Amino acid sequence: MTGQTHRPHLRFDPEQGPGAATPYARYVHLAELHALQQPRSTEPAEYSFIVTTQVMELLFDLLHHDWTAARTALRADDLDAALAALRRGQHTQDVLIGSWDLLATMTPAEFGAFRPALGEASGFQSSAFLRLEFLLGNRSEGLLEMYRDSPAEYDELFAALRTPGLYDEALGVLARRGLAIPAKPVTARHRHDEAVEAAWRAVYTDPGLADLVRLGEALLDIAERVTRWRQRHYSAVKRTMGGKPGTGGSSGLSWLKQSADQDVFPELWAVRNDL
């Protein structure tokens with residue numbers, strides 16, 4: 001203990017000139033960030049809707065950063081670095097799931113009051129979310145059509161569609177450890193494969209592959225959180241707007257229910273029947 005009293009800095013770099021923002025505001029672009037919330041109606045709930053969806057978009061980017069780091073580490077057979085990145089991503093997923101609490105109690109009357117202002121806008125059109133779907137192996141080239149008039153987004157998603165995903169790289173690790181992993185087109189949507197299930201069964205039962213169990217469990221943690229996210233999305237929409245069609249032209253609840261019922265990394269779920 002020195003007995004010294006530490007006070008925060010209340011004056012900053014004079015070279016920034018009069019009226020300059022604080023270093024914190026400049027670092028996080030605070031003025032720009034708080035200028036992005038621009039409701040189009042007088043309904044108070046619209047402000048919550050905008051803030052929550054913007055936060056989700058930022059978290060999508062953060063999750064993409066972590067999953068991309070994990071994918072790179074898996075490609076290099078650096079299991080420890082991959083697992084560390086996947087753990088970071090799990091925390092981000094937990095926050096994403098919890099963010100639905102901000103929208104889940106919106107009443108149909110509140111949503112209906114500003115829904116016309118959305119026009120054809122829909123979360124279904126989020127390119128950041130679609131990048132995550134591609135990373136998970138849930139690929140569909142047809143979805144790129146909505147970005148035809150947005151060249152930067154289209155090119156980014158086109159490249160993502162043709163780049164091995166997170167699960168592809170995990171299976172690559174198994175293949176380099178001598179397990180039989182069938183080749184498949186990178187652009188194909190991942191479907192349950194008996195050979196892949198057999199490979200994971202070997203991971204969980206062969207003592208010589210025991211270190212890979214950590215990878216399987218980390219991927220399953222991700223898969224479970226994806227399902228929880230989809231279920232929360234489904235229940236929030238069901239409560240807020242019922243069975244009405246989505247603003248972006250989707251079938252709404254039926255599409256969300258089908259998505260929530262679809263297992264991510266299905267072989268990791270199926271193999272548990274035999275363990």
Side-chain angles (χ1 to χ4, degrees), residues 36 50 52-76 81-100 120-172 184-191 218-234 246-250 255-256 258-260 262-266:
L36 295 175
I50 291 173
T52 303
T53 52
Q54 288 176 342
V55 168
M56 287 180 177
E57 287 291 329
L58 291 173
L59 292 171
F60 292 159
D61 278 342
L62 177 57
L63 190 55
H64 181 266
H65 177 81
D66 290 331
W67 284 357
T68 300
R71 179 179 62 181
T72 300
L74 289 171
R75 190 177 301 153
L83 292 174
L86 294 178
R87 280 194 298 272
R88 292 194 301 270
Q90 288 166 18
H91 295 310
T92 303
Q93 285 183 277
D94 289 338
V95 177
L96 270 167
I97 294 165
S99 65
W100 283 113
E120 293 183 322
S122 168
F124 178 75
Q125 299 156 4
S126 168
S127 60
F129 183 75
L130 192 56
R131 283 190 309 173
L132 295 178
E133 290 287 319
F134 286 178
L135 263 174
L136 290 171
N138 196 18
R139 299 164 182 267
S140 174
E141 187 164 1
L143 292 177
L144 298 186
E145 190 61 33
M146 73 177 92
Y147 303 100
R148 283 287 183 185
D149 296 327
S150 303
E153 287 180 304
Y154 183 91
D155 291 346
E156 181 182 33
L157 289 169
F158 186 86
L161 185 71
R162 283 156 175 75
T163 303
L166 183 62
Y167 197 50
D168 295 319
E169 295 296 353
L171 296 181
K184 65 178 183 65
V186 171
T187 58
R189 181 188 297 268
H190 184 79
R191 306 288 188 185
L219 291 171
L220 205 62
D221 285 338
I222 289 173
E224 183 176 350
R225 284 168 168 81
V226 171
T227 296
R228 285 164 53 197
W229 156 270
R230 291 172 175 174
Q231 290 170 339
R232 288 289 282 137
H233 190 179
Y234 170 79
T247 50
S250 73
W255 182 83
L256 291 173
Q258 182 181 11
S259 177
Q262 178 183 336
D263 281 337
V264 180
F265 314 147

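Along the sequence shown, residues are numbered consecutively beginning with 1. These figures come from a predicted structure and were not determined experimentally.
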Test item: Asp168 and Lys184 side chains (from C-beta on) under 4.5 Å apart, heavy atoms
yes
Using atom types as modelled and distance alone, determine if a side-chain donor or acceptor of Arg139 lies under 3.5 Å from a backbone N or O of Thr187.
no
Taking Asp61 first and then Arg131, would you say they form a salt bridge - that is, a charged N and a carboxylate O separated by under 4.0 Å?
yes
If I compare all heavy atoms of Leu36 with all of Gln54, which pair ends up nearest, and what's the gap?
O-NE2, 3.0 Å
Side-chain touch Leu256/Arg230, heavy atoms, less than 4.5 angstrom
no
Cation-pi check for Tyr234 against Arg232: NZ or CZ below 6.0 Å from the six-membered ring centre and within 45 degrees of the axis, yes or no?
no
Is there a donor-acceptor pair under 3.5 Å between the side chain of Tyr147 and the backbone N or O of Ala152?
no
A side-chain contact here means heavy atoms from C-beta on lying under 4.5 Å apart; do Tyr154 and Met146 qualify?
no
Please check: side-chain N/O of Ser259 versus main-chain N/O of Trp255, any donor-acceptor pairing under 3.5 Å?
no
Give the ring-plane orientation class for Trp100 versus Trp229, where under 30° counts as parallel, over 60° as perpendicular and anything between as tilted.
tilted
Going from CD on Glu133 to CG on Leu161, what distance comes out if it is rounded to the nearest 0.5 angstrom?
12.5 Å
Would you confirm whether Asp94, through its side chain, and His91, through its main-chain N or O, come within 3.5 Å as a donor-acceptor pair?
no
With a 4.0 Å cut-off, would you call Arg148 and Glu153 a salt bridge?
no
About how many Å separate CD of Gln231 and CZ of Arg228, when rounded to the nearest 0.5 Å?
9.0 Å
Could you go step by step and tell me if Thr163 and Arg71 meet the side-chain contact (heavy atoms from CB on, under 4.5 Å) rule?
CA-CA 11 Å; Thr163 303; Arg71 179 179 62 181; 3.5 Å; yes
Ser99 side chain vs Leu96 backbone, donor-acceptor pair below 3.5 Å
yes
Interatomic distance, Leu220 atom CG to Arg225 atom CZ [nearest 0.5 angstrom]:
10.5 Å
Specify the closest pair of heavy atoms between Leu157 and Ser127, including all atoms of both residues, with the distance to one decimal.
CD2-O, 3.7 Å
Point-to-point distance, once rounded to the nearest 0.5 Å, from CD1 of Ile97 to NE2 of His233:
13.5 Å
Assess whether side-chain contact (heavy atoms from CB on, under 4.5 Å) is satisfied between Phe265 and Leu136, documenting all intermediate values.
CA-CA 8 Å; Phe265 314 147; Leu136 290 171; 3.8 Å; yes
Test side-chain contact (heavy atoms from CB on, under 4.5 Å) on Leu86 and Trp67; report intermediate values, then the result.
CA-CA 6 Å; Leu86 294 178; Trp67 284 357; 4.3 Å; yes
Does any donor atom in the side chain of Glu57 or Ser126 lie under 3.5 Å from an acceptor atom in the other side chain?
yes
How long is the gap from CG on Leu63 to CD1 on Ile222, to the nearest 0.5 Å?
7.5 Å
Are the side chains of Thr92 and Arg88 in touch, meaning some heavy atoms are under 4.5 Å apart?
no
Closest heavy-atom pair, Ser140 versus Phe134, reported as atoms and distance to 0.1 Å, is N-CE2, 3.6 Å
Taking CD in Gln258 as the centre, count heavy atoms belonging to other residues, nucleotides or ligands within less than 6.0 Å. Is the count above 12?
no
Show the nearest heavy-atom pair for residues Ala170 and Leu219, with the distance to one decimal.
CB-CD1, 3.7 Å
Value for CG (Asp221) from CZ (Arg87), rounded to nearest 0.5 Å, stands at 10.5 Å
For Leu59 and Val95, what are the C-alpha separation, side-chain angles and deciding distance, and is it a side-chain contact (heavy atoms from CB on, under 4.5 Å)?
CA-CA 8 Å; Leu59 292 171; Val95 177; 3.7 Å; yes
Between Thr68 (side chain only) and His65 (backbone N and O only), is there a donor and an acceptor less than 3.5 Å apart?
no
